Amino acid sequence: AGLIEADDPVRAQQETIAEAPPVRFVTLADGRRLAYREYGDRGGRAVLTFHEGLGSSLLPPGTDSAARRLGLRVVCAERPGFGQSDPRPDYSFDGVAQDMVELCDQVGLERLQIAAVLSGTPSAIQTAIALGERVTRVQIFSGRPPRAQPDPARNPLTMMRSRIEANPWLVESFLAVLRLRLSQAMMIRVMQRSSAQSPGDLAYLAAHPEAATYVAAYMTEALACSSRGPADELRAFRRGRNMSVSGLTAPLVVWHGEQDRLAPLPQLLAFLGSHVSEVRMRPGVGHFLALRHWDEILREMAGGAGVR
């Protein structure tokens with residue numbers, strides 16, 4: 001999508017958020033509020049999307065107009081404790097799925113596709129299982145399974161995540177510091193470090209520094225009220241090593257960057273097993289696959305099954 005320029009980082013971040021549809025809410029059966037945004041055509045093909053581990057309902061700039069043009073109804077919810085969604089006292093991937101089923105029922109998503117980026121993968125899989133035949137297809141972008149193995153490439157960000165998962169007491173401290181220091185300059189540094197083993201991503205970031213504006217914007221939203229959701233989800237990853245995908249019935253398509261070292265494809269495929277119907281590798285792409293190919297992803301969703 002057409003990401004805006006970022007000569008003034010603060011203004012650019014504010015504009016990125018301002019051009020998105022407003023945040024809406026549903027009240028769940030237990031009284032908690034779940035925040036979400038809806039993009040595109042309310043009568044279009046329905047897609048429920050799952051943001052990454054420090055994400056919000058903020059999708060790339062241009063999503064609303066592109067989804068409307070393509071006849072898509074794209075709903076992105078903020079998982080419990082993320083952004084403006086109330087936390088869930090018993091956070092788990094199954095619990096998130098229960099909340100998402102309630103959301104689908106309340107906003108009228110009868111038949112839908114499911115899409116997930118990065119750490120949104122386990123919650124998306126469990127939601128697809130819970131919704132059963134209502135889901136026509138699941139698409140995973142740079143997916144991260146709940147039981148990752150040690151990283152032989154020793155990427156510093158992967159190793160840091162592993163240390164945080166192994167020491168839950170670090171989670172709140174790490175996220176508290178992140179909330180205080182989050183800025184576009186910081187995001188550029190983090191994105192450069194995460195792309196150290198992906199020449200394609202480094203070249204993309206150099207050509208599109210405004211991408212860091214968008215990433216900083218959704219991370220700011222994710223941590224706006226508290227760090228409870230991201231912390232709960234990291235703990236869920238630690239507990240979710242026995243998670244099974246055996247109940248999944250919808251076709252499953254995996255998109256992955258050839259240069260992605262942060263979310264190694266073999267680990268994801270080992271987790272998903274025989275449920276994968278297709279793997280789509282993108283050459284010259286690392287961890288920024290969804291960001292770099294968002295227009296293509298929307299077109300693919302518009303061409304797939306899932307009429308509301």
Side-chain angles (χ1 to χ4, degrees), residues 13 16-17 20 22-37 48-59 75-104 106 116-127 130 143-148 157-158 160-183 186-187 190 214-241 243:
Q13 183 173 314
T16 297
I17 295 173
V23 176
R24 302 179 181 183
F25 299 89
V26 295
T27 301
L28 303 173
D30 62 2
R32 288 179 297 114
R33 294 201 314 169
L34 193 72
Y36 71 100
R37 281 187 173 100
L48 178 65
T49 65
F50 288 76
H51 58 72
E52 63 171 287
L54 279 173
S56 73
S57 58
L58 187 66
L59 296 180
V75 175
C76 185
E78 295 173 352
R79 295 193 285 281
F82 287 79
Q84 298 186 56
S85 287
D86 292 336
R88 186 181 177 99
D90 56 343
Y91 194 104
S92 67
F93 300 130
D94 284 333
V96 172
Q98 293 170 18
D99 290 351
M100 296 303 164
V101 171
E102 280 198 61
L103 171 69
C104 290
Q106 290 198 39
V117 179
L118 302 169
S119 294
T121 297
S123 295
I125 295 292
Q126 290 302 109
T127 300
R144 181 175 285 123
R147 51 172 182 263
L157 293 181
T158 303
M160 180 177 69
R161 179 187 173 92
S162 297
R163 286 196 295 270
I164 291 172
E165 285 188 29
N167 299 278
W169 59 272
L170 285 174
V171 174
E172 295 286 357
S173 298
F174 168 76
L175 292 173
V177 171
L178 182 61
R179 288 182 71 196
L180 293 174
R181 297 186 178 180
L182 188 59
S183 67
M186 174 187 175
M187 284 315 308
V190 170
Y214 165 62
V215 175
Y218 70 60
M219 288 180 65
T220 297
E221 284 199 341
L223 298 170
C225 297
S226 78
S227 57
R228 172 76 178 273
D232 282 347
E233 186 160 278
L234 279 170
R235 296 185 184 103
F237 266 83
R238 179 179 167 87
R239 297 192 307 267
R241 302 188 190 283
M243 176 180 162

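Model, not experiment: these values are computed from the prediction.
When every heavy atom of Ala29 is checked against every heavy atom of Glu102, the shortest pair comes out as N-OE1, 2.8 Å. Closest approach of Cys225 and Gly83 over heavy atoms only: SG-O, 3.4 Å. Cys76 approaches Ser57 most closely through the heavy-atom pair O-CB, 3.2 Å. When all heavy atoms are compared, the tightest approach of Pro122 to Met243 is O-CE, 3.4 Å. Between Ser56 and Ala222, the shortest heavy-atom contact is CB-N, 4.1 Å.
A donor-acceptor pair under 3.5 Å is formed between the side chain of Gln106 and the backbone N or O of Thr27. A donor-acceptor pair under 3.5 Å links the side-chain atoms of Thr220 to the main chain of Ala216, judged by distance alone. Side-chain atoms of Arg79 come within 3.5 Å of backbone N or O of His51 as a donor-acceptor pair. Checking side-chain atoms of Gln126 against main-chain N and O of Val96 turns up no donor-acceptor pair under 3.5 Å. Using modelled atom types, no side-chain atom of Tyr36 and backbone atom of Ser85 make a donor-acceptor pair closer than 3.5 Å. With Glu52 contributing its side chain and Leu118 its backbone, the two residues share no donor-acceptor pair below 3.5 Å.
A 4.5 Å side-chain heavy-atom check between Met100 and Ser123 finds every atom pair outside the cut-off. At least one side-chain heavy atom of Pro89 sits less than 4.5 Å from a side-chain heavy atom of Arg32.
Between Leu48 atom CG and Leu103 atom CG the span is 6.5 Å, to the nearest 0.5 Å. Taking OG1 of Thr127 as the start and CG of Asp94 as the end, the distance is 9.0 Å to the nearest 0.5 Å. Note that CG of Leu34 is 10.0 Å distant from CZ of Arg88, once rounded to the nearest 0.5 Å.
Relative orientation of the Tyr91 and Phe82 rings is tilted, given thresholds of 30° and 60° on the angle between their planes.
With hydrogens and angles left out, the side-chain atoms of Arg144 and Thr121 include no donor and acceptor closer than 3.5 Å.
Classification of Glu221 and Arg37 as a salt-bridged pair holds, one side-chain N sitting under 4.0 Å from a carboxylate O.
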